Amino acid sequence: MSAQTTEEAFEPPYLWPAYRSTVLRAPKQPLVRLPSEWFHTIPGPVYGRVPVRPEDADLTRQHAGEPLGERIILTGRVLDSDGRPVRGTLVEIWQANAAGRYVDPSDQHPAPLDPNFTGAGRCLTDAEGRYRFVTVKPGAYPWRNDHNAWRPAHVHFSLFGSQLSSRLVTQMYFPGDPLIPQDPILEAIPDPRGRERLVAAFDREVTQPEWALGYRWDIVLRGRDATPMEA
Amino acid sequence: MAGQGPTPSQTVGPFFGFAMPFPDDTRAVSGDGVRIEGQLLDGAGEPVPDGLIEVWQGEEFARCRTDPEGVFHFVVSKPPANGSHAPHLELYVFARGLLRQLATRLYFPDEEAANAADPALELAGDRRGTLVARDEGGILRFDIRLQGEGETVFFEL
Ligand SMILES: [Fe+2]
């Protein structure tokens, strides 16, 4: 299998009727292909004005008290398509609280908000391309895709990398979640190996005794990281 | 991990509004710039109130969450032409119901000659007009139609 077909089998289509919101939002016309040097290799912008403070990486310390839920550490490396670390790149995450409720006012799920948890974090990757967040494990939540539909527990991730084509918004899931095999959003990825790529691994090395469970999840961005050093 | 292909994309979902915006996120330049306004519309012509648009222009970056009417806006500087390529902005669209982001481009209405020679507009064929903003009294109007009549040209990622 060529790299191209592997890549395509790992990417969800735009139209996936089992995920109902795609039906009126997926383009019907074919996408226009541009030569990759016009598009893929455009250097990314300077997003330094997106504020990143050290405390943004610890979602359990953003309020007066500690949030309820299972404390976890989420860490991993951001790599380019050659397996090289992507250094100094912005990683943004957001998630529901332990009860499965987002702070977002549009979330109407009748589960409690936690006054000690917002659920948004940011960090920059280090010299090895590593990110690290401390948070609580999000709860599953219902959505109106079909009767009795529930999203598996997940953390939303947003990454930039070094060029236009490396921009990635995705979701990370937790191993062993019984909701994973019936989730239309995850099932839209054609190749099961692609779906597995979105499931973190429980990691005893990351786990801290008497304090927090550790999960490891590496992310591979499209393209080569052409930036030799980040300022 | 190398050789296994990139990590797959998933939708931004409906609940990013408390996390992705940041102060002055719609303003890519602090000084003078071009103001761009538009509406994000679905295949039924209805506004998309939970979309996120990002604009990239050189080192400039702006992000705007659509409002309840699907309206977004930016201030960004107009780039120069680059060889045969007319001045343009790169735009990404994220939303619930988009399993991957959509990529499009905004071209400038006062660049008729450069636009006529632009190779990407050439590839867009008879739908190229969807990529050119309209001048509305100094503000550039650029609507994005995800589907249906007047569907915006999107590019392969
Ligand atoms: Fe979510």
Side-chain angles (χ1 to χ4, degrees), chain A residues 3 6-7 10-14 16 19 21-29 31-34 38-39 42 44-47 49-51 79 81-83 92 94 102-104 106-107 118-120 156 158 164-165 167-171 185-186 188-189 193-195 197-198 218-222, chain B residues 1-20 22-25 28 42-44 46 48-50 52 54 56-61 63 85 90 92 94-103 119-120 123-125 127 146-148 151-157:
Chain A
T6 304
E7 187 167 312
F10 276 20
E11 289 297 351
Y14 287 102
W16 185 252
Y19 173 24
S21 300
T22 68
V23 173
L24 279 174
R25 295 186 172 186
K28 289 210 164 142
Q29 300 290 330
L31 303 187
V32 173
R33 177 169 211 136
L34 298 181
W38 297 359
F39 182 68
I42 292 170
V46 175
Y47 38 77
R49 61 196 190 87
V50 183
L79 304 169
S81 60
D82 289 334
E92 297 169 280
W94 66 100
Y102 284 90
V103 163
D104 199 274
S106 58
D107 185 1
T118 301
H156 294 266
S158 161
L164 185 62
S165 65
R167 181 87 178 91
L168 174 69
V169 170
T170 188
Q171 301 179 28
I185 292 178
L186 194 47
I189 298 166
R193 293 171 302 169
R195 291 173 227 149
R197 292 284 295 281
L198 297 184
D218 290 343
I219 300 158
V220 179
L221 302 181
R222 292 161 150 245
Chain B
M1 299 292 286
Q4 292 185 6
T7 301
S9 171
Q10 295 272 267
T11 179
V12 74
F15 300 133
F16 57 83
F18 69 98
M20 299 279 272
F22 59 91
D24 281 329
D25 54 0
D42 72 10
E46 295 294 324
V48 174
D50 52 4
L52 185 77
E54 288 182 351
W56 306 47
Q57 194 282 93
E59 298 200 330
E60 294 181 14
F61 170 66
R63 174 184 275 175
H85 296 258
E90 307 282 354
Y92 271 150
F94 302 86
R96 169 177 65 83
L98 290 180
L99 285 158
R100 299 174 78 176
Q101 71 257 39
L102 284 167
L123 286 171
R127 296 168 56 226
L146 296 175
Q147 190 189 88
E151 183 177 310
T152 299
V153 170
F154 298 106
F155 297 100
E156 256 182 48
L157 295 177

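None of the values given here were measured: they were computed from a predicted structure. Letters go in sequence order (proteins before strands), and every chain restarts at 1.
Taking chain A as the reference chain and counting heavy-atom pairs below 4.5 Å, the highest number among B:T152, B:L102, B:D25 is found for B:L102. Most heavy-atom pairs under 4.5 Å with chain B: of the set A:A188, A:P51, A:S106, A:S21, this distinction falls to A:S21. Options A:V169, A:L186, A:T22 differ in how many heavy-atom pairs under 4.5 Å they form with chain B, and the most are formed by A:V169. In terms of heavy-atom pairs under 4.5 Å with chain B, the best-connected choice from A:D107, A:L221, A:I189 is A:D107. Ranked by heavy-atom pairs under 4.5 Å with chain B, the first of A:L198, A:V103, A:T118 is A:L198.
With a 4.5 angstrom heavy-atom cutoff, A:Q171 touches chain B via backbone and side-chain atoms both. For chain A, the nearby parts of B:V12 are the backbone and the side chain; heavy atoms of each come within less than 4.5 Å. For B:Q101, the parts lying near chain A are the backbone and the side chain together; criterion is any non-hydrogen pair under 4.5 Å. B:E46 does not touch chain A: none of its heavy atoms, backbone or side chain, sits under 4.5 Å away. Residue A:I185 touches chain B through both its backbone and its side chain, counting heavy-atom pairs closer than 4.5 Å. When heavy atoms are compared at a cutoff of 4.5 Å, B:F94 approaches chain A solely by way of its side chain, counted from C-beta outward.
A donor-acceptor pair is defined here as one N or O able to donate and one able to accept, closer than 3.5 Å; such a pair exists between the side chain of B:Q147 and the backbone of A:A26. A donor-acceptor pair under 3.5 Å is formed between the side chain of A:D104 and the backbone N or O of B:G17.
Results of the side chain to side chain contact (heavy atoms under 4.5 Å, CB included) test with A:I219 over A:L79, A:L168, A:T170 single out A:L168 as the only residue that passes.
Atom CZ of A:R197 is separated from atom OG1 of B:T7 by 4.5 Å, given to the nearest 0.5 angstrom. To the nearest 0.5 Å, the span separating CG on A:L164 from OH on B:Y92 amounts to 3.5 Å. Distance check: A:S165 OG to B:E90 CD gives 11.0 Å after rounding to the nearest 0.5 Å.
The minimum heavy-atom distance between A:R49 and B:D24, with the atom names listed, is NH1-O, 3.1 Å.
The closest side-chain donor-acceptor pair between A:S158 and A:R167 falls under 3.5 angstrom.
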